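Remember, it's a predicted structure, so these values are computed and weren't measured experimentally.
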Amino acid sequence: MSITTLNNQMPLFDSEWGATEFETRDLRTLFGKYPTGVAIVATRTAEGRNVGLTINSFASLSLEPPLVLWSLVNHSPNLSVFRDCEYFTISILSCDHQELALRFASSRVENKFQGISVQETPEGIPSIGGAIVTLVCANHQQTHLGDHLLVIGEVKRIASIEGKPLVFHGGMFTGLHDIHGI
């Protein structure tokens, strides 16, 4: 069985139960149908250099103890920085932060923190000013799974402001729309 496409838009399945053989590209397209929030994860190296990147792999894991998770591709040049850091922040972006998300997603931007609002946490870790949620996390545990490093953080400090989140869906940024009558 395989996935075929209709006008390069909509996957069609060879049976009513779906395909059992597929390419990575097909799976990525299907995962993109699930909307996710957008955040920047940041830390500081032992030499004092701020490091940050855009993620949409963030999820809550546990309330007691307070744990969150996110993942980083194994070939990332920042893998060892996040694997070995003591703390990191997760700054959940507002719908007004699309350019910031693109900046931290780009490998072409050398100093992603230059010229933006950065707040330093009491732990000495950078966080993104204006984020609707900031979580300061102790680097609790990591494990390599598939082609990613799964990073689990224990939430140590929280902050938030009002705002609507930036959302990633179908390979594009979007926002949430109010639904009335529910």
Side-chain angles (χ1 to χ4, degrees), residues 24 27-28 31-32 34-61 67-121 123-161 163-175:
T24 304
L27 191 57
R28 183 179 180 132
F31 285 163
Y34 183 72
T36 61
V38 182
I40 292 174
V41 63
T43 193
R44 184 167 288 145
T45 66
E47 299 78 35
R49 180 175 60 90
N50 290 342
V51 177
L53 49 98
T54 301
I55 60 171
N56 71 335
S57 61
F58 167 74
S60 61
L61 179 61
L67 301 174
V68 296
L69 61 85
W70 62 281
S71 63
L72 182 59
V73 69
N74 286 336
H75 61 76
S76 170
N78 297 308
L79 187 73
S80 64
V81 173
F82 284 103
R83 183 190 62 220
D84 300 336
C85 70
E86 184 176 359
Y87 293 97
F88 57 84
T89 59
I90 296 176
S91 300
I92 299 175
L93 302 181
S94 80
C95 58
D96 298 327
H97 286 141
Q98 180 175 336
E99 291 303 316
L100 199 56
L102 290 169
R103 176 187 186 120
F104 276 80
S106 174
S107 60
R108 294 184 301 244
V109 178
E110 191 171 317
N111 184 352
K112 294 175 169 70
F113 293 88
Q114 184 176 352
I116 67 163
S117 175
V118 177
Q119 299 172 334
E120 186 169 310
T121 71
E123 294 79 9
I125 305 301
S127 69
I128 303 302
I132 60 173
V133 172
T134 300
L135 305 172
V136 179
C137 302
N139 197 345
H140 181 70
Q141 182 178 346
Q142 311 87 33
T143 187
H144 285 278
L145 294 170
D147 59 1
H148 277 67
L149 176 70
L150 179 65
V151 180
I152 298 171
E154 183 173 358
V155 179
K156 296 296 189 179
R157 187 180 305 276
I158 61 174
S160 71
I161 61 173
K164 292 190 178 201
L166 183 61
V167 175
F168 192 70
H169 177 253
M172 298 176 9
F173 292 109
T174 188

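Two residues are said to be in side-chain contact when any heavy atoms from C-beta on lie closer than 4.5 Å; L135 and F88 fail this criterion. Side chains of L93 and I40 form a contact here, defined as non-hydrogen atoms less than 4.5 Å apart. When side chains are defined from C-beta on, T54 counts as touching V38, because their heavy atoms get closer than 4.5 Å. No side-chain heavy atom of N139 sits under 4.5 Å from any side-chain heavy atom of T43. Side-chain contact check for S127 versus V136: every heavy-atom pair is 4.5 Å or farther apart.
Evaluation of the side-chain contact (heavy atoms from CB on, under 4.5 Å) rule for V167 yields P35, T174, L176 as partners, not counting sequence neighbours. Every residue two or more places apart in sequence or in another chain was checked for a ring pair (Phe, Tyr, Trp, His ring centres under 6.0 Å) with Y87, and none qualifies. With sequence neighbours excluded, no residue satisfies side-chain contact (heavy atoms from CB on, under 4.5 Å) with S60. Checked against side-chain contact (heavy atoms from CB on, under 4.5 Å), T143 has the following partners two or more places apart in sequence or in another chain: L145, L150. Partners of R44 by salt bridge (charged side-chain N to carboxylate O under 4.0 Å, His left out), not counting sequence neighbours, listed by chain and number: E120.
The minimum heavy-atom distance between S57 and S71, with the atom names listed, is OG-N, 3.0 Å. Smallest separation of non-hydrogen atoms from I116 and F113: CG1-O, 3.2 Å. For the pair H144 and N74, the tightest heavy-atom approach, listed with the atom from each and the gap, is ND1-OD1, 3.0 Å. In this structure, A39 and I92 approach most closely via the heavy-atom pair CB-CA, 4.0 Å. Between C137 and G153, the shortest heavy-atom distance links the atoms CB-CA, 4.0 Å. Closest approach of L67 and H140 over heavy atoms only: CD2-CD2, 4.0 Å.
Between atom CG of residue L166 and atom CG of residue L100 there is a gap of 9.5 Å, rounded to the nearest 0.5 Å. Here the straight-line distance linking atom CZ of R108 with atom CZ of R103 works out to 13.0 Å at 0.5 Å rounding. From Q119, atom CD reaches atom OG1 of T89 across 10.0 Å, with rounding to the nearest 0.5 Å. Here the OG1-CZ distance, from T134 to R157, works out to 11.5 Å after rounding to the nearest 0.5 Å. Going from atom CG of N50 over to atom CG of N111 covers 8.0 Å, rounded to the nearest 0.5 Å.
Residue L102 places its CG atom among more than 12 non-hydrogen atoms of other residues, nucleotides or ligands, all under 6.0 Å distant.
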Residues 78-86 side chain polar contacts: donor-acceptor under 3.5 Å, at least two apart:
none

